[in-house]
Amino acid sequence: MYSPPELRALTDEALLTRLRALVRQERESLVDVIEHLMEVDRREVAPDRGYSSLFEYCLKTLGYSEGAAFLRIRTARAAAEFPEILVRLRSGRLHLDAVARLYPHLTAQNSQSLLNRADGASKREVVALVAALQSAPAPERDVIVSVPASPPPDATDAGAIESVPAYVLPPPGADTVLLPPLKHRFHFTADGDLLSMVERLRGLLRHKHPGGGLEAIFKEAAATLLEKLERDRRPIGRRPPPVVRRQSGTVARSQRHGSRTVPKAIKRLVWERDGGRCAYVAPANRRCESRDALEYDHIIAWADGGRSDVPENIRLLCRAHNQRLGRKRFGPRPMRPSNGHCP
(Lines give C-alpha, C1' and ligand atoms only; values in the text may rest on other atoms or scores of the structure.)
Protein backbone atom coordinates (compact mmCIF):
# COMPACT_ATOMS: atom_id res chain seq x y z
CA MET A 1 0.00 0.00 0.00
CA TYR A 2 1.36 3.37 -1.02
CA SER A 3 2.24 5.91 1.66
CA PRO A 4 4.08 9.23 1.17
CA PRO A 5 7.74 8.66 2.15
CA GLU A 6 7.93 11.85 4.24
CA LEU A 7 5.11 10.57 6.47
CA ARG A 8 6.54 7.11 7.10
CA ALA A 9 9.32 8.53 9.26
CA LEU A 10 6.87 10.24 11.66
CA THR A 11 5.95 8.73 14.99
CA ASP A 12 2.28 8.00 15.64
CA GLU A 13 1.99 11.04 17.92
CA ALA A 14 3.67 13.35 15.41
CA LEU A 15 1.45 12.03 12.62
CA LEU A 16 -1.74 12.67 14.62
CA THR A 17 -0.55 16.12 15.72
CA ARG A 18 0.10 17.09 12.12
CA LEU A 19 -3.28 15.70 11.03
CA ARG A 20 -5.14 17.72 13.69
CA ALA A 21 -3.36 20.88 12.56
CA LEU A 22 -4.29 20.20 8.94
CA VAL A 23 -7.95 19.68 9.88
CA ARG A 24 -7.96 23.05 11.68
CA GLN A 25 -6.47 24.67 8.57
CA GLU A 26 -9.06 22.92 6.41
CA ARG A 27 -11.90 24.31 8.53
CA GLU A 28 -10.42 27.80 8.36
CA SER A 29 -10.09 27.55 4.58
CA LEU A 30 -13.64 26.25 4.26
CA VAL A 31 -15.06 29.18 6.21
CA ASP A 32 -12.97 31.56 4.11
CA VAL A 33 -14.56 30.01 1.01
CA ILE A 34 -18.05 30.41 2.53
CA GLU A 35 -17.36 34.08 3.32
CA HIS A 36 -16.15 34.73 -0.23
CA LEU A 37 -19.25 33.03 -1.65
CA MET A 38 -21.42 35.23 0.59
CA GLU A 39 -19.88 38.35 -0.90
CA VAL A 40 -19.97 37.02 -4.48
CA ASP A 41 -23.66 36.22 -3.96
CA ARG A 42 -24.39 39.63 -2.43
CA ARG A 43 -22.78 41.46 -5.35
CA GLU A 44 -24.40 39.10 -7.91
CA VAL A 45 -21.03 38.72 -9.58
CA ALA A 46 -21.83 35.37 -11.23
CA PRO A 47 -24.70 36.68 -13.42
CA ASP A 48 -22.61 39.74 -14.33
CA ARG A 49 -19.87 37.39 -15.59
CA GLY A 50 -22.25 35.49 -17.85
CA TYR A 51 -23.33 32.61 -15.58
CA SER A 52 -27.00 31.86 -15.08
CA SER A 53 -26.46 31.28 -11.36
CA LEU A 54 -23.88 31.08 -8.60
CA PHE A 55 -24.41 27.32 -8.74
CA GLU A 56 -23.30 27.20 -12.40
CA TYR A 57 -20.26 29.33 -11.56
CA CYS A 58 -19.26 26.92 -8.77
CA LEU A 59 -19.56 23.96 -11.14
CA LYS A 60 -17.89 25.35 -14.25
CA THR A 61 -15.27 27.70 -12.84
CA LEU A 62 -14.53 26.51 -9.30
CA GLY A 63 -14.78 22.84 -10.26
CA TYR A 64 -17.09 21.72 -7.45
CA SER A 65 -19.38 18.74 -7.80
CA GLU A 66 -23.12 19.41 -7.68
CA GLY A 67 -23.36 18.26 -4.07
CA ALA A 68 -20.34 20.26 -2.89
CA ALA A 69 -21.58 23.41 -4.65
CA PHE A 70 -25.08 23.03 -3.18
CA LEU A 71 -23.79 22.68 0.40
CA ARG A 72 -21.45 25.67 0.14
CA ILE A 73 -23.98 27.98 -1.49
CA ARG A 74 -26.75 27.12 0.93
CA THR A 75 -24.36 27.52 3.88
CA ALA A 76 -23.22 30.89 2.52
CA ARG A 77 -26.83 32.09 2.32
CA ALA A 78 -27.59 30.77 5.79
CA ALA A 79 -24.51 32.50 7.22
CA ALA A 80 -25.47 35.77 5.52
CA GLU A 81 -28.64 35.76 7.63
CA PHE A 82 -27.21 34.10 10.73
CA PRO A 83 -23.49 35.05 11.01
CA GLU A 84 -23.02 32.94 14.15
CA ILE A 85 -22.92 29.93 11.84
CA LEU A 86 -19.43 30.95 10.72
CA VAL A 87 -18.10 30.79 14.29
CA ARG A 88 -19.55 27.32 14.79
CA LEU A 89 -18.12 26.10 11.47
CA ARG A 90 -14.64 27.34 12.37
CA SER A 91 -14.74 25.49 15.67
CA GLY A 92 -15.98 22.29 14.04
CA ARG A 93 -19.14 22.26 16.13
CA LEU A 94 -21.27 22.48 12.97
CA HIS A 95 -20.80 20.87 9.55
CA LEU A 96 -22.09 21.93 6.14
CA ASP A 97 -24.70 19.19 5.91
CA ALA A 98 -26.25 20.26 9.23
CA VAL A 99 -26.43 23.90 8.15
CA ALA A 100 -27.97 22.98 4.77
CA ARG A 101 -30.67 20.90 6.46
CA LEU A 102 -31.45 23.45 9.16
CA TYR A 103 -31.47 26.59 7.01
CA PRO A 104 -35.09 26.31 5.75
CA HIS A 105 -36.25 26.16 9.38
CA LEU A 106 -34.09 28.90 10.92
CA THR A 107 -35.76 32.11 12.02
CA ALA A 108 -34.65 35.07 14.12
CA GLN A 109 -36.62 33.58 17.02
CA ASN A 110 -35.39 29.97 16.93
CA SER A 111 -31.90 30.17 15.37
CA GLN A 112 -29.98 30.25 18.67
CA SER A 113 -31.88 27.27 20.07
CA LEU A 114 -31.66 25.15 16.90
CA LEU A 115 -27.97 25.84 16.33
CA ASN A 116 -27.25 24.92 19.96
CA ARG A 117 -29.10 21.63 19.51
CA ALA A 118 -27.16 20.91 16.31
CA ASP A 119 -23.76 21.58 17.90
CA GLY A 120 -21.67 18.43 17.62
CA ALA A 121 -24.65 16.42 16.40
CA SER A 122 -24.23 13.59 13.91
CA LYS A 123 -25.98 13.60 10.57
CA ARG A 124 -28.59 11.16 11.87
CA GLU A 125 -29.29 13.39 14.86
CA VAL A 126 -29.67 16.46 12.64
CA VAL A 127 -32.04 14.55 10.33
CA ALA A 128 -34.15 13.60 13.38
CA LEU A 129 -34.13 17.21 14.57
CA VAL A 130 -35.30 18.49 11.19
CA ALA A 131 -37.98 15.79 10.97
CA ALA A 132 -39.36 16.94 14.31
CA LEU A 133 -39.58 20.50 12.98
CA GLN A 134 -41.62 19.59 9.95
CA SER A 135 -45.35 19.96 10.51
CA ALA A 136 -46.09 17.91 7.37
CA PRO A 137 -44.17 15.17 5.58
CA ALA A 138 -41.72 16.53 3.03
CA PRO A 139 -42.87 15.96 -0.56
CA GLU A 140 -41.28 13.06 -2.33
CA ARG A 141 -38.46 14.00 -4.65
CA ASP A 142 -38.56 13.23 -8.34
CA VAL A 143 -35.87 10.62 -9.01
CA ILE A 144 -34.27 9.45 -12.24
CA VAL A 145 -31.91 6.48 -11.92
CA SER A 146 -29.77 5.24 -14.81
CA VAL A 147 -29.74 1.45 -15.12
CA PRO A 148 -28.46 -1.02 -17.73
CA ALA A 149 -30.99 -1.91 -20.43
CA SER A 150 -30.78 -5.51 -19.24
CA PRO A 151 -29.19 -6.86 -16.06
CA PRO A 152 -25.68 -8.34 -16.22
CA PRO A 153 -25.43 -12.10 -15.82
CA ASP A 154 -24.52 -11.95 -12.12
CA ALA A 155 -27.20 -9.44 -11.08
CA THR A 156 -29.97 -11.09 -9.12
CA ASP A 157 -32.13 -8.14 -8.07
CA ALA A 158 -33.02 -4.59 -8.96
CA GLY A 159 -30.74 -3.20 -6.28
CA ALA A 160 -27.78 -4.87 -7.90
CA ILE A 161 -28.69 -3.40 -11.27
CA GLU A 162 -28.61 0.17 -10.00
CA SER A 163 -25.08 -0.18 -8.65
CA VAL A 164 -23.55 -1.65 -11.81
CA PRO A 165 -21.25 0.72 -13.76
CA ALA A 166 -21.36 1.17 -17.54
CA TYR A 167 -18.71 -1.50 -17.92
CA VAL A 168 -17.40 -4.45 -15.92
CA LEU A 169 -13.70 -4.98 -15.29
CA PRO A 170 -12.94 -8.51 -16.53
CA PRO A 171 -10.51 -10.97 -14.95
CA PRO A 172 -6.85 -10.44 -15.93
CA GLY A 173 -6.25 -11.44 -19.54
CA ALA A 174 -9.92 -11.39 -20.52
CA ASP A 175 -11.63 -8.92 -22.85
CA THR A 176 -13.67 -6.06 -21.42
CA VAL A 177 -17.33 -6.95 -21.05
CA LEU A 178 -19.49 -4.08 -22.34
CA LEU A 179 -23.01 -3.77 -21.03
CA PRO A 180 -26.02 -2.68 -23.10
CA PRO A 181 -26.84 1.03 -23.29
CA LEU A 182 -28.30 2.56 -20.16
CA LYS A 183 -32.02 2.96 -19.58
CA HIS A 184 -33.51 5.37 -17.08
CA ARG A 185 -35.94 4.62 -14.27
CA PHE A 186 -38.31 7.49 -13.38
CA HIS A 187 -39.96 7.81 -9.99
CA PHE A 188 -42.32 10.59 -8.93
CA THR A 189 -45.60 11.02 -7.10
CA ALA A 190 -48.56 12.37 -9.06
CA ASP A 191 -52.18 13.26 -8.39
CA GLY A 192 -55.32 11.62 -9.68
CA ASP A 193 -55.63 14.00 -12.63
CA LEU A 194 -52.39 12.72 -14.16
CA LEU A 195 -53.44 9.12 -13.58
CA SER A 196 -56.72 9.81 -15.38
CA MET A 197 -54.91 11.44 -18.32
CA VAL A 198 -52.46 8.54 -18.60
CA GLU A 199 -55.32 6.05 -18.65
CA ARG A 200 -57.05 8.05 -21.40
CA LEU A 201 -53.82 8.18 -23.39
CA ARG A 202 -53.45 4.42 -23.03
CA GLY A 203 -56.88 3.95 -24.50
CA LEU A 204 -56.36 6.37 -27.37
CA LEU A 205 -52.96 4.89 -28.25
CA ARG A 206 -53.92 1.24 -27.81
CA HIS A 207 -53.84 0.69 -31.58
CA LYS A 208 -50.27 1.95 -31.75
CA HIS A 209 -48.98 0.59 -28.42
CA PRO A 210 -51.10 -2.50 -27.63
CA GLY A 211 -49.17 -3.22 -24.46
CA GLY A 212 -49.89 0.22 -23.03
CA GLY A 213 -46.39 0.48 -21.54
CA LEU A 214 -45.72 3.72 -19.67
CA GLU A 215 -42.44 4.33 -21.51
CA ALA A 216 -44.23 4.36 -24.87
CA ILE A 217 -47.07 6.53 -23.53
CA PHE A 218 -44.81 9.17 -21.98
CA LYS A 219 -42.45 9.19 -24.98
CA GLU A 220 -45.40 9.77 -27.31
CA ALA A 221 -46.75 12.56 -25.11
CA ALA A 222 -43.34 14.22 -24.78
CA ALA A 223 -42.69 14.05 -28.53
CA THR A 224 -46.10 15.62 -29.30
CA LEU A 225 -45.57 18.44 -26.80
CA LEU A 226 -42.02 19.12 -28.02
CA GLU A 227 -43.21 19.29 -31.62
CA LYS A 228 -45.90 21.81 -30.65
CA LEU A 229 -43.58 24.00 -28.58
CA GLU A 230 -40.85 24.00 -31.19
CA ARG A 231 -43.35 24.71 -33.96
CA ASP A 232 -44.62 27.74 -32.03
CA ARG A 233 -41.07 29.09 -31.86
CA ARG A 234 -40.10 28.27 -35.42
CA PRO A 235 -39.66 31.30 -37.68
CA ILE A 236 -42.45 31.88 -40.15
CA GLY A 237 -40.45 34.07 -42.48
CA ARG A 238 -39.17 37.54 -41.85
CA ARG A 239 -41.71 40.25 -42.20
CA PRO A 240 -40.92 43.94 -42.32
CA PRO A 241 -41.75 45.79 -39.11
CA PRO A 242 -45.17 47.42 -39.12
CA VAL A 243 -45.34 50.84 -40.70
CA VAL A 244 -45.61 53.56 -38.09
CA ARG A 245 -48.16 56.11 -39.16
CA ARG A 246 -47.35 59.68 -38.34
CA GLN A 247 -49.81 62.39 -37.47
CA SER A 248 -48.67 65.98 -37.91
CA GLY A 249 -45.01 64.93 -37.88
CA THR A 250 -45.22 62.90 -34.65
CA VAL A 251 -45.79 59.24 -33.95
CA ALA A 252 -49.43 58.45 -33.20
CA ARG A 253 -49.96 57.88 -29.48
CA SER A 254 -51.32 54.35 -29.97
CA GLN A 255 -48.38 53.39 -32.15
CA ARG A 256 -45.80 55.07 -29.91
CA HIS A 257 -46.81 53.14 -26.82
CA GLY A 258 -48.25 49.95 -28.30
CA SER A 259 -48.60 46.80 -26.24
CA ARG A 260 -46.12 45.41 -23.75
CA THR A 261 -46.90 41.89 -24.99
CA VAL A 262 -44.41 40.55 -27.54
CA PRO A 263 -46.27 39.19 -30.62
CA LYS A 264 -45.84 35.51 -31.45
CA ALA A 265 -44.24 36.29 -34.79
CA ILE A 266 -41.58 38.42 -33.07
CA LYS A 267 -41.01 35.70 -30.46
CA ARG A 268 -40.34 33.16 -33.20
CA LEU A 269 -37.83 35.42 -34.92
CA VAL A 270 -36.04 36.18 -31.66
CA TRP A 271 -35.97 32.51 -30.64
CA GLU A 272 -34.40 31.55 -33.94
CA ARG A 273 -31.92 34.44 -33.88
CA ASP A 274 -30.78 33.75 -30.30
CA GLY A 275 -30.69 29.99 -30.83
CA GLY A 276 -33.07 29.18 -27.98
CA ARG A 277 -30.44 30.32 -25.47
CA CYS A 278 -29.91 33.24 -23.11
CA ALA A 279 -28.42 36.13 -25.08
CA TYR A 280 -26.66 37.84 -22.16
CA VAL A 281 -22.96 38.44 -22.88
CA ALA A 282 -20.64 39.40 -20.02
CA PRO A 283 -17.97 42.10 -20.40
CA ALA A 284 -15.34 39.36 -20.82
CA ASN A 285 -17.34 38.18 -23.88
CA ARG A 286 -18.69 35.09 -22.10
CA ARG A 287 -22.23 34.33 -23.22
CA CYS A 288 -24.60 32.69 -20.77
CA GLU A 289 -25.17 29.02 -21.61
CA SER A 290 -28.59 28.65 -20.02
CA ARG A 291 -31.48 27.23 -22.05
CA ASP A 292 -33.80 26.99 -19.04
CA ALA A 293 -36.54 29.39 -17.88
CA LEU A 294 -36.02 31.70 -20.88
CA GLU A 295 -37.95 34.96 -21.00
CA TYR A 296 -38.40 37.65 -23.63
CA ASP A 297 -36.77 40.91 -22.52
CA HIS A 298 -37.09 44.44 -23.89
CA ILE A 299 -33.60 45.84 -24.57
CA ILE A 300 -35.02 49.35 -24.25
CA ALA A 301 -37.55 48.89 -21.46
CA TRP A 302 -41.19 49.17 -22.45
CA ALA A 303 -41.60 51.66 -19.59
CA ASP A 304 -38.95 53.83 -21.28
CA GLY A 305 -40.66 53.71 -24.67
CA GLY A 306 -39.11 50.50 -26.00
CA ARG A 307 -41.17 48.64 -28.60
CA SER A 308 -42.47 45.09 -28.46
CA ASP A 309 -43.17 44.68 -32.17
CA VAL A 310 -39.60 44.78 -33.56
CA PRO A 311 -37.15 41.90 -33.01
CA GLU A 312 -34.23 44.31 -32.65
CA ASN A 313 -35.61 45.41 -29.27
CA ILE A 314 -36.37 41.92 -27.95
CA ARG A 315 -33.93 39.28 -26.74
CA LEU A 316 -33.99 35.98 -24.89
CA LEU A 317 -32.73 36.05 -21.31
CA CYS A 318 -32.71 33.38 -18.64
CA ARG A 319 -34.70 34.36 -15.57
CA ALA A 320 -31.55 35.07 -13.53
CA HIS A 321 -30.20 37.58 -16.05
CA ASN A 322 -33.61 39.11 -16.71
CA GLN A 323 -34.09 39.74 -13.00
CA ARG A 324 -30.51 40.96 -12.55
CA LEU A 325 -30.82 43.50 -15.37
CA GLY A 326 -34.22 44.53 -14.02
CA ARG A 327 -32.68 45.29 -10.63
CA LYS A 328 -29.98 47.35 -12.34
CA ARG A 329 -32.61 49.31 -14.28
CA PHE A 330 -35.27 49.81 -11.64
CA GLY A 331 -33.54 49.10 -8.33
CA PRO A 332 -33.39 46.04 -6.07
CA ARG A 333 -36.34 44.21 -4.66
CA PRO A 334 -35.79 43.04 -1.08
CA MET A 335 -36.34 39.31 -0.98
CA ARG A 336 -34.76 36.26 0.59
CA PRO A 337 -33.24 33.73 -1.81
CA SER A 338 -35.26 30.53 -2.04
CA ASN A 339 -34.12 27.94 0.51
CA GLY A 340 -35.13 25.13 -1.78
CA HIS A 341 -32.74 25.89 -4.62
CA CYS A 342 -29.17 26.94 -5.02
CA PRO A 343 -29.18 29.19 -8.07
| Validation row: Lys328, Arg324 side chains within 4.5 angstrom (heavy atoms) | yes
| message | Tell me every residue that passes side chain to side chain contact (heavy atoms under 4.5 Å, CB included) with Ala190, counting only those two or more places apart in sequence or in another chain. | response | Phe188, Leu194
| Non-neighbouring partners of Glu39 that pass side chain to side chain donor-acceptor pair (under 3.5 Å), sequence neighbours left out | Arg42, Arg43
| query | Is the CZ atom of Arg18 crowded by more than 12 outside heavy atoms at less than 6.0 Å? | reply | no
| said: Between Arg72 and Thr75, does the side-chain contact (heavy atoms from CB on, under 4.5 Å) criterion hold? Intermediate values first, please. | reply: CA-CA 5 Å; Arg72 283 156 180 78; Thr75 299; 5.8 Å; no
| field | For the student: nearest non-hydrogen atoms of Ala108 and Phe82, plus distance | value | N-CE2, 4.1 Å
| Among Val262, Asp297, Ile314, which one satisfies side-chain contact (heavy atoms from CB on, under 4.5 Å) with Val270? | Ile314
| query | Got a second to check how far Leu325's CG is from Arg329's CZ, nearest 0.5 Å? | reply | 6.0 Å
| remark: What one should report as the nearest heavy-atom pair of Leu205 and Glu220 is CD1-CG, 3.7 Å
| task | Please examine the side chains of Glu295 and Leu316, heavy atoms only from C-beta on, and report whether any two atoms are closer than 4.5 Å. | result | no
| task | Could you tell me how the ring of His321 sits relative to the ring of Tyr280: parallel (under 30°), tilted (30 to 60°) or perpendicular (over 60°)? | result | parallel
| request: Please answer: with hydrophobic residues joined when any side-chain heavy atoms are less than 4.5 Å apart, are Ile299 and Trp302 in the same cluster? | output: no
| How long is the span from the CD1 atom in Ile34 to the CZ atom in Arg77, to the nearest 0.5 Å? | 11.5 Å
| remark: By side chain to side chain donor-acceptor pair (under 3.5 Å), Lys219 pairs with (sequence neighbours left out) none
| Going by heavy atoms in the side chains, are Trp271 and Tyr296 under 4.5 Å from each other? | yes
| query | Taking 4.0 angstrom as the limit, do Glu289 and Arg277 come out as a salt bridge? | reply | no
| Going by atom types only, do Asn110 and Arg117 share a side-chain donor-acceptor pair under 3.5 Å? | no
| task | Indicate the atoms forming the closest heavy-atom contact of Tyr103 with Glu81, along with that distance. | result | OH-OE2, 2.6 Å
| field | Salt bridge Arg88-Glu84, side-chain N to carboxylate O under 4.0 Å | value | yes
| request: Flag the pair Cys288 / Cys318 as yes when at least one side-chain heavy-atom distance between them is below 4.5 Å, and no otherwise. | output: yes
| message | One thing to verify: whether Arg20 and Glu13 come together as a salt bridge, which I'm taking to mean a side-chain N less than 4.0 angstrom from a carboxylate O. | response | yes
| query | Are any of the side-chain nitrogens in Asp32 or Arg27 under 4.0 Å away from the carboxylate oxygens of its partner? | reply | no
| request: Considering non-hydrogen atoms only, spot the tightest contact between Ala46 and Val40 and give its length. | output: N-CG1, 4.5 Å
| said: Less than 4.0 angstrom from a charged side-chain N to a carboxylate O is my criterion; do Arg315 and Asp274 meet it? | reply: no
| field | Non-neighbouring partners of Asp97 that pass side chain to side chain donor-acceptor pair (under 3.5 Å), sequence neighbours left out | value | Arg101
| query | Around atom CG of Asp304, are there more than 12 heavy atoms of other residues, nucleotides or ligands at under 6.0 Å? | reply | yes
| query | What distance do Asp292 atom CG and Glu56 atom CD have between them, rounded to the nearest 0.5 Å? | reply | 9.5 Å
| What distance do Leu201 atom CG and His209 atom NE2 have between them, rounded to the nearest 0.5 Å? | 10.0 Å
| message | If you count every heavy atom of other residues, nucleotides or ligands that lies below 6.0 Å from Asn116 atom CG, does the total exceed 12? | response | yes
| task | Give the intermediate values and the outcome of side-chain contact (heavy atoms from CB on, under 4.5 Å) for residues Arg202 and Ile217. | result | CA-CA 7 Å; Arg202 271 181 163 160; Ile217 299 300; 4.0 Å; yes
| Under the ring pair (Phe, Tyr, Trp, His ring centres under 6.0 Å) rule, what pairs show up with a residue in residues 14-53, not counting sequence neighbours? | Tyr51-Tyr57
| task | Report yes if the side chains of Leu37 and Cys58 come closer than 4.5 Å at any heavy-atom pair, otherwise no. | result | yes
| Hydrophobic cluster identity match, Leu54 and Leu317, side-chain contacts under 4.5 Å | no
| said: How long is the straight-line distance from CG of Leu86 back to CZ of Arg90, given to the nearest 0.5 Å? | reply: 6.5 Å
| field | Transitive ILVMFWY side-chain link Leu16 to Leu7, under 4.5 Å | value | no
| What are the two closest heavy atoms between Arg49 and Arg286, and how far apart are they? | O-CD, 3.6 Å
| Does a side-chain heavy-atom distance below 4.5 Å link Leu89 with Leu96? | yes
| field | For Ser308, side chain to side chain donor-acceptor pair (under 3.5 Å) partners two or more places apart | value | His298
| Contact summary for Ala121 and Val126, nearest pair of heavy atoms | CB-CG2, 3.9 Å
| Going from CG on Leu102 to CG on Leu129, what distance comes out if it is rounded to the nearest 0.5 angstrom? | 5.5 Å
| said: Check whether Arg307 reaches the backbone of Asn313 with its side chain - one donor and one acceptor, N or O, closer than 3.5 Å. | reply: no
| Does one hydrophobic cluster hold both Leu62 and Leu59, with members joined at side-chain heavy-atom distances below 4.5 Å? | yes
| request: Compare all side-chain heavy atoms of Arg273 with those of Leu269 and state whether any distance is below 4.5 angstrom. | output: no
| query | Side chains of Arg93 and Leu115: does their closest heavy-atom pair fall under 4.5 Å? | reply | no
| message | Grouping I, L, V, M, F, W and Y whenever their side-chain heavy atoms are under 4.5 Å apart, do Val45 and Ile73 come out in a common cluster? | response | yes
